[in-house]
Amino acid sequence: MSDIKPRLLLVDDEERFRTTLGKRLAENGFEVQTAGNGRDALDLLAKSPCDAVLLDIRMPGLSGIETLAEIRKSHIGVEVILLTGDADVPSAIEGMRLGAFDYLMKPHDFESLQEKLRQAVALKRQREERLRQAEERAERDRLSRNLRL
């Protein structure tokens with residue numbers, strides 16, 4: 001993982017859960033923003049990009065699945081991990097079909113949550129680096145063609 005702190009958006013309608021988990025993640029090297037619902041999460045993402053979103057499936061207003069669909073439209077590179085309860089596993093699987101990185105059951109093991117988040121951030125950053133390298137290569141190729149003309 002690079003020296004840049006992984007930027008995380010934690011979205012859950014349970015304030016105590018959000019606050020507690022946000023603090024623990026910040027203590028363990030993440031830069032954490034939080035939102036209490038899907039609409040606020042989308043507004044935050046529009047203003048402040050992040051590497052990964054930890055998203056509760058069951059929320060009032062926009063559900064986690066609806067929020068995921070909106071994230072996929074506007075923030076393609078952001079990795080999303082869904083948080084689900086037993087009854088929501090079919091929704092979590094649907095979320096995977098929509099492009100979620102993975103899902104975790106609530107309550108979760110903090111160590112496995114951190115590992116999953118780090119994997120998601122690493123994947124996003126690798127993809128960004130490959131894209132940057134491809135853009136540089138295309139620019140070099142363009143310059144080389146122009147020099148030959």
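Residue numbers count from 1 along this sequence.
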* To do: Test R18 against D56 for salt bridge (Lys or Arg N to Asp or Glu O under 4.0 Å), laying out the working first.
  => CA-CA 10 Å; R18 208 172 52 236; D56 190 22; over 6 Å; no
Kindly give the heavy-atom pair with the smallest separation between [X] and [Y], and that separation in Å.
X	Y	answer
L45	C50	CD2-SG, 3.4 Å
F30	K5	C-CD, 4.4 Å
N37	M59	CA-SD, 4.1 Å
L117	A52	CD2-CB, 4.4 Å

* To do: Say whether, by atom type as modelled, one donor and one acceptor occur between the side chain of D102 and the main chain of I81 under 3.5 angstrom.
  =>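 Not a single qualifying donor-acceptor pair exists.
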* L44 backbone acceptor or donor facing S48 side chain under 3.5 Å ->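 No, the answer is negative, given that no donor and acceptor are paired below the 3.5 Å cut-off.
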Is it true that, when you exclude [X] itself, more than 12 heavy atoms of the residues, nucleotides or ligands shown sit nearer than 6.0 Å to its [atom1]?
X	atom1	result
R72	CZ	yes
E136	CD	yes
R132	CZ	yes

* Asked: Can you get from L68 to F101 by hopping between Ile, Leu, Val, Met, Phe, Trp and Tyr side chains that sit under 4.5 Å apart?
  ->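 Shared cluster, no.
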* **Atom pair CD (E66) and CD (E70), whose distance is rounded to the nearest 0.5 Å** =>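 Rounded to the nearest 0.5 Å, the CD-CD separation comes to 8.5 Å.
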